[in-house]
Amino acid sequence: MHTGKHHPVLVVGGGIVGLSASLALSHHGVPSLLVEAHPGTHDHPRARSLNARAMEIYRELGVADAVREAGAPLARAEGLHRGPDLATALAAVPRRPESGDRPASIFAPAAMARWSPTTGRRATLDAVEPVLLAAARRRPAEIRFGTLRTGLRHHDDHLAVDLTDVATGATETVTADYLIAADGAGGALRHELGVASTYGTSHGHQLNILFRADLEQLVRGREFSVVLIARPGVRGMLTAIDARTRWAFHLRYDPAVESPADYPPERCEQILRDVLGVPGVEPRVVSVLPWEARERTLDRLRAGRVFFAGDAAHQMPPAGARGASTGIADVHNLVWKLAAVLGGRADETLLDTYHDERHPAAVHAVAASGANARAMTPGSPSADPDWTTPAAHGLGDRYRSAAVLTGEEDPAGPVATGLDGSPGTRLPHAWTDPARTRSTLDLPAGDWILLGPPAWHLPADAAGLRHTDPGPEFAALAGTAPDGAVLVRPDGHIAWRSTDLTTDPTAADLTGADPTAATLDAALGRLPFRARHRAHHRRTPGPTPPNPNDPPAHRG
């Protein structure tokens, strides 16, 4: 064993959440090391969708276009059907034109236009993770696959982490200020550190059977996302992987009376013939992955210098594009806080707000996914899931913590109908250029920014804050018209809002002073960190170059 170097942040886990953490850390100028025991990214598809919030985050990190392209094979795979087999379920489904508008979809732009500049995307993780890995390796981060974390020791001011090269057995000890545990549902760290979980409903044990079968002619023009299969002795969910030759069937089984070993490839292939119901089509099993659709939330998302994210922090049924997407939102929330503490702009108390904000978000996502799973169970009488709310697209989180300044009139609980600029919610979306290519969501770019009319700009300069005026449409959406402002955090959530200078409680005892300066200074004084812009590193550019018609984002 030899002693390795120090890393400000160590990420354990090279799946979609760990790779997203690596990208976000580089975006914030934080050096990091990611370790993953597997030799490469996973080749089993697992999750198949990312919600709008995840795609907004990837837009900020500059990888949204590449992720969207990775999901291109599933672009037309829409709709949930039911039947005893695929052929029967599709028999009454009309074929759509090969070209023209997309079918109505939760991922269609019309469904999201009032809330977001982007939409969710169907994309399997085996296609997305290589894209993220390539992007992470182009950034200033160290990535090591084939490396197993074998030990962890807490010290007063750092962590000591033992690593083992899987291929050679060579060992090394590195140190880190903090560790992000993105080691998945089966990860050991939460057990080693004694962090308990709260378990909800189990939606049953299933075999995720990945297989190949040429069904392109059958499904062309009526590409589907899910077909719920209910037939004698077989219940499960058929899902499209590329909507042509790659598919997955999630077969429900009872572990009390059988095991995955009872399903060799020959038996699985016979089941698949029955599930497809298409004469002459011979399915070929590629791999079988046993799993349990379980509701679970870790009771604490922080254990000293270790932070849990993704499936390590929460498990949920894959019903509603929340599993991977919730993990992506976890690390997006966490990383800017780690950057602030490591950069000396906040103390350790800021890191406690990660649990305060993301634990309720996880509880909500797990419960919502569970409700969707019940509705999507083969044979269930429940109504199909409702996709018409911001929460259904990952946009409903309303944070409550020391990092959000709220008033008595500010609502609590997830956003129900719309994003209104209230503290803790994600910034409302409005286009900032005539070409409709740049959104107010692009303005934070991983940094603090004050959004309000010119009266706020000198006080913002004095406070070292970036600032701009997005205009009257945004002011109406954010509830700040005619002379209010919002302070937006690096993760795009609103830390504070002033709607009326004459009644704002933060300026009530500061009579005689300039009301905008007094109000802003009072608000900043209540926050547990210094919300000043970062001039010490260059951020990774976003997916779209600045438009000359954008409102300027001034720097103090």
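Hydrogens, waters and symmetry mates play no part in the numbers below; they use all other heavy atoms, side chains included.
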Name the orientation class of the two ring planes belonging to Trp115 and His393 (parallel below 30°, tilted from 30 to 60°, perpendicular beyond 60°).
tilted

So, do Tyr399 and Arg489 sit near enough that their side-chain heavy atoms are less than 4.5 Å apart?
yes

Beyond-backbone contact of His28 with Pro490, side-chain heavy atoms, under 4.5 angstrom
yes

Looking at Asp299, I want to see if its CG is surrounded by more than 12 non-hydrogen atoms of other residues, nucleotides or ligands under 6.0 Å.
yes

Only one of Arg400, His493, Arg398, Lys337 passes side-chain hydrogen bond (donor to acceptor under 3.5 Å, both in side chains) with Glu357; say which it is.
Lys337

Using a strict cut-off of less than 4.0 Å between a Lys/Arg side-chain nitrogen and an Asp/Glu carboxylate oxygen, indicate whether Arg426 and Asp397 qualify as a salt bridge.
no

Could you tell me which residues satisfy ring-ring contact (aromatic ring centres under 6.0 Å, His included) with Phe249, sequence neighbours excluded, listed by chain and number?
none

Under 4.5 Å between any side-chain heavy atoms of Pro423 and Leu405, yes or no?
no

Applying side chain to side chain donor-acceptor pair (under 3.5 Å), which residue pairs with at least one partner in residues 180-192 are found, sequence neighbours left out?
Arg149-Glu192

Nearest 0.5 Å please: distance from the CG atom of Leu133 over to the CD1 atom of Ile16.
12.5 Å

Residue pair Ser401 / Tyr354, side-chain donor-acceptor N/O under 3.5 Å
no

Do we see a donor-acceptor contact under 3.5 Å between the side chains of His429 and Ser116?
no

Salt-bridge contact Arg59-Glu56 (side-chain N to carboxylate O under 4.0 Å)
no

Cation-pi check for Tyr178 against Arg305: NZ or CZ below 6.0 Å from the six-membered ring centre and within 45 degrees of the axis, yes or no?
yes

Should Leu152 and Leu193 be marked as a side-chain contact (heavy atoms from CB on, under 4.5 Å) after you check the CA-CA gap, both sets of side-chain angles, and the distance that decides it?
CA-CA 9 Å; Leu152 173 70; Leu193 296 176; 4.2 Å; yes

Donor-acceptor contact below 3.5 Å, side chain His355 vs main chain Leu301:
yes

Without swapping roles, check the side chain of Arg526 against the backbone of Ala402 for a donor-acceptor pair under 3.5 Å.
no

Interatomic distance, CG@Leu251 vs CG@Leu238, rounded to 0.5 Å, equals 11.5 Å

For the NE2 atom of His250 and the CG atom of Leu207, what is their distance to the nearest 0.5 Å?
10.5 Å

Under 4.5 Å between any side-chain heavy atoms of His205 and Pro260, yes or no?
no

Tell me the closest heavy-atom pair linking Pro39 and Phe145, and the distance in Å.
O-CB, 3.6 Å

Rounded to the nearest 0.5 angstrom, the CG-CD1 distance for Leu23 and Ile57 is 11.5 Å

Can you see whether Asn208 engages Trp291 through a side-chain donor-acceptor pair at a distance of less than 3.5 angstrom?
no

Minimal non-hydrogen separation, Pro444 against Ile449, with atom names:
CA-CG2, 4.1 Å

Validation row: Thr171, Thr150 side chains within 4.5 angstrom (heavy atoms)
no

For Asp177 and His6, which heavy atoms make the closest approach, and how far apart are they?
OD2-NE2, 3.0 Å

Closest non-hydrogen contact found for Asp420 with Arg497 is O-NH1, 3.1 Å

Give a yes or no answer on whether the side chain of Arg466 reaches the backbone of Leu443 with a donor-acceptor pair at less than 3.5 Å.
yes

Thr353 side chain to Leu350 main-chain N or O, any donor-acceptor pair under 3.5 Å?
yes

Check step by step if side-chain contact (heavy atoms from CB on, under 4.5 Å) holds for Val161 and Val35.
CA-CA 11 Å; Val161 186; Val35 297; over 6 Å; no

His38, NE2: over 12 other non-hydrogen atoms inside 6.0 angstrom:
no

From Asn333 CG over to Arg358 CZ, what is the distance, rounded to the nearest 0.5 angstrom?
6.0 Å

Hey, are Arg122 and Ser49 close enough side-chain-wise for a donor-acceptor pair under 3.5 Å?
yes

Residue pair Leu487 / Leu527, side-chain heavy-atom distance below 4.5 Å
yes

Heavy-atom nearest pair, Pro428 first then Leu441, reads O-CD1, 3.8 Å

Hey, are Arg144 and Asp165 close enough for a salt bridge, meaning a charged N less than 4.0 Å from a carboxylate O?
no

Under 3.5 Å, is there a donor-acceptor pair between the side chain of Thr239 and the main chain of Ala248?
yes

Between Leu179 and Val12, which heavy-atom pair has the shortest distance, and what is it?
CD1-CG2, 3.8 Å

What is the distance from atom CD of Glu129 to atom CG of Leu19, rounded to the nearest 0.5 Å?
6.5 Å

If we ignore hydrogens and angles and just use 3.5 Å, is the side chain of Glu295 paired with the main-chain N or O of Gly200 as donor and acceptor?
no

Compute whether any side-chain donor of one residue and acceptor of the other, for Arg68 and Thr118, lie under 3.5 angstrom apart.
yes

Given 3.5 Å as the limit, does a donor-acceptor pair link the side chain of Arg302 with the main chain of Gly304, or not?
yes

With side chains defined as the heavy atoms from C-beta onward, is the minimum distance between Asp311 and Val17 less than 4.5 Å?
no

Return the set of residues passing ring-ring contact (aromatic ring centres under 6.0 Å, His included) with His44 (not counting sequence neighbours), or none when no residue passes.
none

Answer whether the closest heavy-atom distance between the side chains of Ser20 and Leu132 falls below 4.5 Å.
yes

Should Asp330 and His314 be marked as a side-chain contact (heavy atoms from CB on, under 4.5 Å) after you check the CA-CA gap, both sets of side-chain angles, and the distance that decides it?
CA-CA 10 Å; Asp330 288 341; His314 39 71; 2.6 Å; yes

Please walk me through it: do Leu34 and Leu25 pass side-chain contact (heavy atoms from CB on, under 4.5 Å)?
CA-CA 11 Å; Leu34 180 150; Leu25 287 161; over 6 Å; no

